[in-house]
Amino acid sequence: MTDLTSFIAGLPKAELHVHHVGSASPRIVAELAARHQGSSPVPADPSLLADYFEFRDFAHFVEIYLSVVDLIRDDEDVRLLTYEIGRELGRQNVRYAELTVTPYSSVRRGIPAKAFCEAIEDARQSAARDFGVQLRWCFDIPGEAGLAAAEETLRIALGERPEGLVSFGLGGPEIGVPRPQFKPYFDQARAAGLHSVPHAGETTGPETIWDALRELGAERIGHGIAAAQDERLMAHLAEHAIPLEVCPTSNLRTRAVASLDEHPLATLVAAGVPVSINSDDPPMFGTSLEQEYAAAARLLNLDTAGVADLARAAVRHSFLPADGRTALLAEIDAYATAQG
Ligand SMILES: O=c1[nH]cnc2c1ncn2[C@@H]1O[C@H](CO)[C@@H](O)[C@H]1O
């Protein structure tokens, strides 16, 4: 019987909650920082990034996150970043990933929407060809930028409509950023066939998740860990099969939870809430999807069969068409059987 770490490494996986800029590797971040001759607070020495990616609280995390966004100045940076993310996902045997991309933040920094979308699409096709990784996009509104960002994100999503775009989200801080104001934008995105996947219940309580469900038509919830504080909400999520995209180490590193042992993942699973396991911003949190699977296995006391079920859940919660899901589920079954 293979040990859990190597089982997870070889297991075909899907990732549903992982951010574009948040996935920039230390090498790429340092390379981009070096291009800007010290005009950025971001260290150009990869070995200094671990200290730079220490967050006092969520607001500080967003501040650091945006300092990395500032490094992405043109569509070549976007192409490089996205292709290298595909390489890293392929290295971890991630076959399919829905990457959360924030076009507003780059367009506002001078990259034309058309060039931005062409760059991510080029990289998506190259990653499929070179690494066997299927990438899809969630375009999210950076919540701290408010309705102007919502307007622009919707305009880009519907105006450019890159082939890989499958969903529409809302990221950034929740405190001071009530969800209901974004209803008109989510209504239009959903009417255009995009799936609704806002963040909610990461840094605020269950009421933000209720808002995301009732006002934004959420089909999945980014994080959603605050649901564990509301039995009725957990029962609702279980009954209506509304999955949470859980990112354990992210919640620890942004101080959303005090320690991994206090993470509510086990409470959510015990209540029958559908969950997938994700890395969110892996290099910034010093983690990887593989390490998140290992953390979930520890929190849920899973063996290899249980870990294979985590991968199956992510596929089932994904926006892959039925044939794509069937194929990936079959790959997982074949792998789990072979490792028996
Ligand atoms: O864990 C997270 N929660 C919320 N937003 C996040 C997270 N990780 C990355 N972002 C990103 O932070 C930016 C804020 O402008 C957004 O681009 C959002 O996608």
Side-chain angles (χ1 to χ4, degrees), residues 15-25 29 42 53 55-72 78 81-82 85 97-109 111 113 116 120 137-150 152-154 156-157 165 167-179 182 185 189 196-204 208-209 212 216 218 220-226 244-257 263 276-289 292:
E15 183 152 29
L16 307 181
H17 190 116
V18 56
H19 291 264
H20 188 217
V21 172
S23 296
S25 69
V29 172
V42 182
F53 291 149
F55 313 109
R56 293 189 300 274
D57 53 26
F58 190 82
H60 181 224
F61 161 71
V62 172
E63 180 192 323
I64 296 295
Y65 190 93
L66 293 177
S67 73
V68 179
V69 174
D70 283 339
L71 298 178
I72 298 159
V78 174
L81 165 63
T82 313
I85 290 169
E98 293 171 13
L99 211 53
T100 297
V101 177
T102 316
Y104 171 80
S105 299
S106 288
V107 170
R108 199 171 66 79
R109 286 168 172 77
I111 302 179
F116 180 91
I120 60 174
W137 318 122
C138 168
F139 277 7
D140 87 328
I141 302 163
E144 74 281 1
L147 297 183
E152 180 67 356
T153 305
L154 183 70
I156 297 168
L165 182 62
S167 57
F168 194 74
L170 170 60
E174 294 171 35
I175 296 171
V177 187
R179 263 61 192 138
F182 298 102
Y185 306 96
S196 167
V197 289
H199 286 58
E202 173 184 21
T203 56
T204 57
T208 309
I209 300 170
L216 307 184
R220 292 192 323 235
I221 298 283
H223 294 282
I225 59 170
L244 304 184
E245 304 153 359
V246 178
C247 315
T249 303
S250 165
N251 301 142
L252 177 67
R253 299 292 307 281
T254 64
R255 319 282 180 180
V257 297
H263 195 285
S276 63
I277 296 301
N278 306 274
S279 65
D280 204 7
D281 305 282
M284 291 186 177
F285 299 141
T287 190
S288 65
L289 185 61
E292 294 308 301

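Both ligands and their constituent atoms are indexed starting at 1 by order of listing.
Considering both main-chain and side-chain atoms, Glu202 comes within under 3.5 Å of ligand 1 through a nitrogen or oxygen pair. Distances between N or O atoms of Glu144 and those of ligand 1 include at least one value under 3.5 Å.
Atoms of ligand 1 lying under 4.0 Å from any heavy atom of Phe61, numbered from 1 in the order shown and given with element: 7 (C), 8 (N), 9 (C). Heavy-atom proximity to Pro142, at under 4.0 Å, picks out these atoms of ligand 1: 15 (O). Short contacts between ligand 1 and Phe58, defined as distances under 4.0 Å to a heavy atom of the residue, involve ligand atoms 3 (N), 4 (C). Counting atoms of ligand 1 from 1 in the listed order, those under 4.0 Å from a heavy atom of Thr102 are 16 (C), 17 (O), 19 (O). Near Asp280, with a cut-off below 4.0 Å to any heavy atom, the atoms of ligand 1 are 1 (O), 2 (C), 8 (N).
A distance-only check finds no donor-acceptor pair linking the side chain of Tyr104 to the backbone of Ala150 [under 3.5 Å]. Not a single donor-acceptor pair under 3.5 Å links the side chain of Glu292 to the backbone N or O of Cys247. Listed for the Glu174 side chain is a donor-acceptor partner under 3.5 Å among the backbone atoms of Glu202.
Counting only heavy atoms of the protein, atom 8 (N) of ligand 1 lies nearest to Asp281 OD2, 2.7 Å. In terms of protein heavy-atom proximity, atom 18 (C) of ligand 1 is nearest to Asp140 OD2, 3.4 Å. Of the protein's heavy atoms, Gly172 N, 2.8 Å lies nearest to atom 5 (N) of ligand 1. Taking atom 6 (C) of ligand 1 as the reference point, the nearest protein heavy-atom neighbour is His19 CE1, 3.6 Å.
Between His17 and His223, the angle of the ring planes goes over 60°, which puts this pair in the perpendicular group of the 30/60° scheme. Ring planes of Phe139 and Phe116: perpendicular class, angle over 60° (limits at 30 and 60°).
Aromatic ring centroids of Phe61 and Phe285 lie under 6.0 Å apart.
The two atoms that bring Pro283 and Phe53 nearest to each other are O-CD1, 3.8 Å, heavy atoms only.
Taking 4.5 Å as the limit, some side-chain heavy atom of Val78 sits within range of a side-chain heavy atom of Ile72. Counting only heavy atoms from C-beta outward, the side chains of Ile120 and His20 approach each other to under 4.5 Å.
The option with the heavy atom closest to atom 13 (C) of ligand 1, from among Phe139, Tyr65, Phe285, is Tyr65.
Counting heavy atoms closer than 4.0 Å to ligand 1, residue Leu66 contributes side-chain atoms (C-beta onward) but none from N, CA, C or O.
For Met284, the closest heavy-atom approach to ligand 1 does not fall below 4.0 Å.
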